[in-house]
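Accompanying notes for the structure given below.
Naming: A, B, ... by sequence-line order, numbering from 1 per chain. Treat the numbers as computed from the prediction; the structure is a model and nothing was measured.
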Number of protein chains: 2
Amino acid sequence: MNIADQIYSATDSATQDRAQAIRDQLRDAIVDRRLAPGTKLSEGEVGTLFDVSRTVARAALQMLSFEGLVRTERNRGAFVANPSPEEARQVFASRRLIEPGIAIAACGRVTAADIAAFRAQLDEEGRFIAERGPNARRAEIKASGDFHLLLASVAGNAILQRFMEELVARSSLVIALYGRSGVSACGHSEHTEIVGALENGDCGLASRLMLHHIDHIEADLDLRVRAGPALREALNF
Amino acid sequence: MNIADQIYSATDSATQDRAQAIRDQLRDAIVDRRLAPGTKLSEGEVGTLFDVSRTVARAALQMLSFEGLVRTERNRGAFVANPSPEEARQVFASRRLIEPGIAIAACGRVTAADIAAFRAQLDEEGRFIAERGPNARRAEIKASGDFHLLLASVAGNAILQRFMEELVARSSLVIALYGRSGVSACGHSEHTEIVGALENGDCGLASRLMLHHIDHIEADLDLRVRAGPALREALNF
DNA sequence: CCAAAAAAGATTGCATACGATTTTTGTGCA
DNA sequence: TGCACAAAAATCGTATGCAATCTTTTTTGG
């Protein structure tokens with residue numbers, strides 16, 4: 001089974017229109033850092049790009065705005081979100097609150113098939129860590145996020161799963177903005193440990209490992225205010 | 001200060017259009033049970049009711065769909081959500097996971113002014129409990145939800161605050177659907193205890209009280225499958 | 001009289017059009 | 001040259017129109 005199917009099965013079953021598809025593609029582009037924070041996403045441009053009218057492009061942008069991935073300003077347009085350090089802290093505070101509980105819930109429901117899916121996911125992560133280059137790094141961040149989404153889907157709570165989709169997407173933005181370089185390798189080993197705890201049915205351990213994992217991710221960020229954030233803002237960048 | 005200002009200040013500051021206002025009014029109506037679950041909300045009807053075009057009515061309905069308060073079916077329209085018992089369980093599982101943490105966060109940041117706001121909120125709750133009749137009961141449910149939203153706003157995490165807005169709104173729907181009658185009175189005393197713990201700075205106690213409070217609310221629900229849910233579904237009700 | 005098919009009606013999905021607001025460009029004056 | 005102001009272009013907010021889809025009613029055959 002494809003990982004994407006797992007992740008989006010809950011929402012896509014009731015897929016209402018093309019806007020959803022456009023939202024997914026744009027979200028991938030944002031999470032993959034192909035669209036840099038601050039990039040303007042004009043309705044017309046998005047519309048012509050995907051060959052739809054402004055109406056549906058607008059709907060897609062509105063969805064992304066709800067998820068916090070784009071910021072919209074009245075009469076000015078939509079921009080890829082540029083999360084502040086404070087927002088970044090709130091994203092990770094939310095994850096520290098939610099994900100240990102998700103680990104426990106998943107631990108109580110995990111099946112052999114799930115474990116196999118986790119193993120496949122870990123393999124994929126490992127592949128991208130071995131490679132070098134910006135594309136591999138993008139794929140690595142995305143694969144790391146997919147691990148957390150897979151865990152959320154195993155937990156079996158559609159509401160928490162959606163919350164996690166939002167938090168993981170925003171985390172990717174934050175990591176892209178504030179992350180230092182040689183980070184995520186340790187994340188991979190921690191993922192492996194968590195899967196091991198799940199497999200052994202040690203829910204308390206899985207929860208604690210998850211909490212530490214999130215702490216490590218956040219500790220690798222540099223959330224000090226940058227030299228010219230006011231300037232960047234002023235330049236509408 | 002009005003409680004509504006507190007609750008919506010985070011989102012309404014960037015109010016982009018009339019759709020947001022319509023969403024708020026519809027949400028209030030749903031939470032207050034003036035709009036029964038399953039009620040059809042046609043774009044045209046909403047539009048004429050608020051004197052806007054279908055375009056903006058549609059946007060408002062889309063927002064509510066994201067919050068899980070309305071369910072939209074392609075080419076059929078939008079309906080006030082009719083949460084299943086399973087959905088209800090997920091809502092409360094999410095709250096059990098999130099709200100104790102919110103209580104701790106709020107406990108660490110609460111100010112004297114916040115305490116005063118809590119007292120005012122408790123007074124308002126008490127007023128509606130004393131009264132009788134369906135309107136008072138609606139107001140009681142709403143006031144009870146506002147307590148939790150006030151706590152979330154004090155916690156100072158905009159992301160968690162938005163999650164709580166959604167969870168509280170959906171809880172109101174669930175309580176309206178599955179709640180037994182003489183319930184919420186005990187909720188009021190528990191709210192009072194929580195505020196007391198906050199005032200004393202006993203964060204652990206506040207967190208534990210909150211967890212028990214949520215358990216009590218859920219315990220007062222009757223989540224057994226009803227006589228004819230399939231029938232109701234079949235009748236498009 | 002009932003069941004199935006066909007037509008009519010209502011509602012949504014989407015595209016386009018137009019006024020309003022913002023941003024950019026161009027021009028005249030100090 | 002530099003700045004203020006105005007015109008032009010671009011973009012957004014919203015209304016409306018048309019085709020597609022779904023629902024309901026009517027018609028028709030058994």
Side-chain angles (χ1 to χ4, degrees), chain A residues 11-26 35-66 69-82 231-237, chain B residues 11-26 35-67 69-82 230-237:
Chain A
T11 53
D12 265 16
S13 64
T15 182
Q16 50 179 340
D17 47 1
R18 282 176 283 176
Q20 202 121 342
I22 294 174
R23 177 201 63 166
D24 290 344
Q25 285 203 245
L26 284 178
L35 287 170
T39 305
K40 168 145 199 197
L41 300 172
S42 90
E43 296 174 356
E45 208 172 345
V46 171
T48 56
L49 201 61
F50 288 93
D51 202 45
V52 294
S53 77
R54 270 182 54 220
T55 305
V56 41
R58 184 184 178 82
L61 291 171
Q62 191 189 9
M63 295 191 224
L64 290 168
S65 161
F66 282 131
L69 288 183
V70 314
R71 153 185 54 94
T72 63
E73 297 178 23
R74 182 178 177 91
N75 279 322
R76 286 199 10 100
F79 305 83
V80 177
N82 207 332
L231 177 64
R232 292 168 74 98
E233 280 296 322
L235 293 175
N236 191 4
F237 191 70
Chain B
T11 54
D12 266 15
S13 63
T15 182
Q16 49 178 338
D17 46 1
R18 283 176 283 176
Q20 203 122 342
I22 294 173
R23 177 201 62 167
D24 290 344
Q25 287 203 245
L26 284 178
L35 287 169
T39 305
K40 168 144 200 197
L41 300 173
S42 89
E43 297 175 357
E45 209 172 344
V46 173
T48 56
L49 200 61
F50 288 93
D51 201 45
V52 294
S53 78
R54 272 181 50 220
T55 305
V56 41
R58 185 184 179 82
L61 291 172
Q62 191 189 9
M63 294 191 224
L64 289 169
S65 161
F66 283 132
E67 297 181 44
L69 289 183
V70 315
R71 154 185 54 93
T72 63
E73 298 178 22
R74 180 174 178 94
N75 279 323
R76 286 198 13 98
F79 305 83
V80 177
N82 208 332
L231 179 63
R232 292 168 75 98
E233 281 296 323
L235 292 176
N236 192 1
F237 191 71

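- Counting to the nearest Å, the P atom of C:dG13 and the CZ atom of A:R58 are 17 Å from each other.
- Between B:A19 and B:A60, the closest heavy-atom pair is O-CB, 3.6 Å.
- The side-chain contact (heavy atoms from CB on, under 4.5 Å) search around A:S53 returns A:T55, A:V56, not counting sequence neighbours.
- The distance between atom CD of B:Q20 and atom C1' of D:dG13, rounded to the nearest whole Å, is 14 Å.
- Dashed line: the shortest gap from a side-chain N or O of B:R76 to OP1 or OP2 of C:dT11 is not under 4.0 Å.
- Rounded to an integer number of Å, the gap from A:E43 CD to C:dT21 P is 16 Å.
- Per the geometry, CD1 belonging to B:I22 stands 9 Å off P belonging to D:dT14, to the nearest Å.
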Evaluate A:R23 against A:Q62 for side chain to side chain contact (heavy atoms under 4.5 Å, CB included), listing each step before the verdict.
CA-CA 9 Å; A:R23 177 201 63 166; A:Q62 191 189 9; over 6 Å; no
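- The side-chain contact (heavy atoms from CB on, under 4.5 Å) check on B:E43 picks up B:R54, B:R58, B:L61, with sequence neighbours excluded.
- When every heavy atom of B:P37 is checked against every heavy atom of B:V80, the shortest pair comes out as CA-CG1, 3.6 Å.
- Rounded to a whole Å, the CG atom of A:L41 is 14 Å from the C1' atom of D:dC12.
- Between the CD atom of B:E73 and the C1' atom of C:dG13 there is a distance of 15 Å, given to the nearest Å.
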For A:R18 and A:F50, run side chain to side chain contact (heavy atoms under 4.5 Å, CB included): C-alpha distance rounded to whole Å, both residues' side-chain angles, the deciding distance at 0.1 Å, then the answer.
CA-CA 10 Å; A:R18 282 176 283 176; A:F50 288 93; over 6 Å; no
Dump every N/O contact between nucleotides 15-21 of chain D and the protein below 3.5 Å, one line per pair.
unit_1 : atom_1 : unit_2 : atom_2 : d
D:dA15 : OP2    : B:S53  : N      : 2.7
D:dA15 : OP2    : B:S53  : OG     : 2.4
D:dA15 : N7     : B:T55  : OG1    : 2.9
D:dT16 : O4     : B:T55  : OG1    : 3.2
D:dT21 : O3'    : B:N75  : ND2    : 3.3

